[in-house]
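This report refers to the structure that appears directly beneath it.
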Amino acid sequence: MGRWHRSRMWIQRTPEEEAKWRASAEKDARSHGLMIGLLGWGIAVILVSAGWFVSFYGGMAVQRSYGGSFWMRLLIFGVIASPIIFIARRVESRKALRKDLARTICPKCDTAAEGNAGTACQCGGAFVPASTVRWVERV
Ligand SMILES: [Zn+2]
């Protein structure tokens, strides 16, 4: 165990590496946001087209009848509800990125935490943002 720890360590990232980390974190956050947006949109459109309104407050589903076939409604509601994708994508990707940026690590004992950069760790080390350090293998 001790040997394994000595053979690897955390080092400070260079500004370029940090920019690269941020770019990839943003990319991940955006695709995560898009996935949530598409999922929410798909579920909402299918439910509404099927005539089901789920009341989140009452926890009940209320059925309403519209004219036209299911597929016609699916098409119309799909178009009407499409902004959901973009809104959810923006909100969710921002949330995901904030979470990524809040991730911290104690380089001394590898403890991962969140939102406590600069505070002292139990081991005597100090937490740093995970975006500013990276693992290296010592040769
Ligand atoms: Zn520690």
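First listed ligand is number 1; within each ligand, the first listed atom is number 1. The structure presented is a predicted model; accordingly, all values stated were derived computationally and were not measured. For the numbers below, each heavy atom of this structure counts, side chains included, while hydrogens, waters and symmetry mates do not.
Annotation: side chain of Val48 is not in contact with side chain of Arg73 (no heavy-atom distance under 4.5 Å).
Within the 3.5 Å criterion, the main-chain N or O of Val133 finds a donor-acceptor partner in the side chain of Arg13.
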- Task: Show your reasoning for whether salt bridge (Lys or Arg N to Asp or Glu O under 4.0 Å) applies to Lys20 and Glu16.
- Result: CA-CA 6 Å; Lys20 222 184 269 173; Glu16 296 94 80; over 6 Å; no
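Between Glu92 and the choices Arg94, Lys95, Arg90, Arg89, the salt bridge (charged side-chain N to carboxylate O under 4.0 Å, His left out) rule is met once, by Lys95.
Of all protein N, O or S atoms, those under 2.8 Å from the Zn ion (ligand 1) number 4.
If you take CZ on Arg30 and CG on Leu34, they are separated by 10.5 Å, rounding to the nearest 0.5 Å.
In this structure Arg98 satisfies the side-chain hydrogen bond (donor to acceptor under 3.5 Å, both in side chains) test with no other residue, sequence neighbours excluded.
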